[in-house]
Amino acid sequence: VIAGESHGVKSQVYTRTPTMYLDFKMDKNKTVTQTIPSTYTGFIYMLKGKAFIGDKEFEGKAHHTLTLSEDGATTVKIQTKDEDAHFVFIAGEPLKEPIVQHGPFVMNSSEEIYDTFVDYQNNKNGFERARNWHSTIA
């Protein structure tokens with residue numbers, strides 16, 4: 001449990017917006033049911049293996065994302081069959097704020113996007129080390 005609570009384990013991490021960030025490693029032929037508040041939205045990101053989500057058994061494969069429906073359900077059944085699985089389960093209270101995305105930047109307004117580009121170009125407000133940064137994997 002990285003954030004939130006699961007099966008009686010509560011994280012020490014405090015999040016300003018109610019959030020759950022859970023890391024699951026399941027052996028093959030196992031089932032777990034995760035409880036979530038009915039107001040949360042979220043997703044499951046598969047890191048390894050295969051799992052089947054919900055009563056309809058939507059198949060989740062490694063490096064795929066499964067989004068949770070907004071049907072007010074308070075439990076999600078996750079099961080493995082013939083192989084182990086590793087995934088993260090991330091959900092939280094929606095912010096219900098406007099979203100504006102341009103390139104790698106996501107803000108609440110076009111003005112904030114513009115300000116972010118200016119900050120990036122001027123190496124300030126979190127971009128101080130951007131000028132000399134180079135990827136070690138690209």
Side-chain angles (χ1 to χ4, degrees):
V1 177
I2 297 166
E5 187 172 350
S6 179
H7 299 275
V9 177
K10 187 173 183 176
S11 171
Q12 297 299 312
V13 173
Y14 167 77
T15 58
R16 297 184 92 176
T17 301
T19 305
M20 56 191 330
Y21 190 134
L22 311 173
D23 186 343
F24 284 89
K25 291 181 180 175
M26 291 178 63
D27 293 331
K28 64 182 178 180
N29 300 312
K30 298 291 181 182
T31 301
V32 66
T33 301
Q34 179 58 52
T35 303
I36 63 169
S38 62
T39 57
Y40 278 24
T41 59
F43 63 93
I44 294 171
Y45 181 74
M46 298 296 302
L47 297 163
K48 178 184 168 212
K50 192 185 302 182
F52 299 87
I53 315 302
D55 292 331
K56 294 183 180 179
E57 296 189 4
F58 291 102
E59 183 178 70
K61 298 178 186 176
H63 310 295
H64 287 121
T65 302
L66 296 103
T67 57
L68 304 177
S69 64
E70 296 184 39
D71 61 2
T74 57
T75 59
V76 177
K77 182 176 83 172
I78 304 156
Q79 61 183 329
T80 56
K81 293 184 180 178
D82 57 348
E83 61 184 289
D84 299 347
H86 182 194
F87 57 89
V88 290
F89 186 115
I90 301 172
E93 192 73 43
L95 296 176
K96 298 183 180 172
E97 293 180 351
I99 298 172
V100 177
Q101 183 263 332
H102 189 90
F105 303 115
V106 179
M107 305 302 280
N108 295 118
S109 69
S110 296
E111 294 79 19
E112 288 178 343
I113 290 287
Y114 175 78
D115 291 344
T116 302
F117 274 117
V118 171
D119 287 346
Y120 179 75
Q121 290 169 348
N122 293 320
N123 297 347
K124 66 178 196 172
N125 293 330
F127 297 109
E128 287 78 4
R129 294 174 34 201
R131 181 174 306 205
N132 297 317
W133 182 85
H134 297 285
S135 173
T136 59
I137 61 173

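Residues: numbered from 1 along the sequence shown.
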Identify all side-chain donor-acceptor contacts of residues 13-21 below 3.5 Å with residues at least two apart in sequence or on another chain.
unit_1	atom_1	unit_2	atom_2	d
T15	OG1	T17	O	2.8
T19	OG1	T17	O	2.7

Can you list, pair by pair, the side-chain donor-acceptor contacts under 3.5 Å of residues 90-106, counting residues two or more places apart and other chains?
unit_1	atom_1	unit_2	atom_2	d
E93	OE1	T39	OG1	2.9
E93	OE2	T39	OG1	3.4
E97	OE1	N108	ND2	3.1
Q101	NE2	G103	O	2.4

Distance-only criterion, 3.5 Å: show the donor-acceptor pairs between side-chain atoms of residues 82-89 and protein atoms not counting sequence neighbours.
unit_1	atom_1	unit_2	atom_2	d
D84	OD1	K28	N	2.9
H86	NE2	D23	OD1	2.7

Using atom types as modelled, flag every donor-acceptor pair under 3.5 Å from a side chain in residues 43-68 to any protein atom, sequence neighbours excluded.
unit_1	atom_1	unit_2	atom_2	d
E57	OE1	K81	NZ	2.7
E57	OE2	Q79	NE2	2.7
H64	ND1	K61	O	3.4

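By the rule that hydrophobic residues join a cluster once side-chain heavy atoms approach within less than 4.5 Å of another member, F117 and M107 end up as members of one cluster.
Side-chain contact check for K77 versus T31: some heavy-atom pair is nearer than 4.5 Å.
Residues passing the side chain to side chain contact (heavy atoms under 4.5 Å, CB included) test with S38, sequence neighbours excluded: T74. In this view, S109 and E111 satisfy the side chain to side chain donor-acceptor pair (under 3.5 Å) rule, not counting sequence neighbours. Residues that satisfy the side chain to side chain donor-acceptor pair (under 3.5 Å) test with T80, not counting sequence neighbours, are absent from this structure.
Shortest non-hydrogen contact noted between A3 and L22 is O-CD2, 3.9 Å.
Applying the side-chain hydrogen bond (donor to acceptor under 3.5 Å, both in side chains) rule to pairs touching residues 121-133 yields D119-N125, sequence neighbours excluded.
Using a distance-only test at 3.5 Å, with no hydrogens or angles considered, no donor-acceptor pair links the side chain of H7 to the main chain of T35.
Separating the CG atom in N29 from the CE atom in M26 is a distance of 10.0 Å, to the nearest 0.5 Å.
Within a 6.0 Å sphere centred on CZ of F127, other residues, nucleotides and ligands contribute more than 12 heavy atoms.
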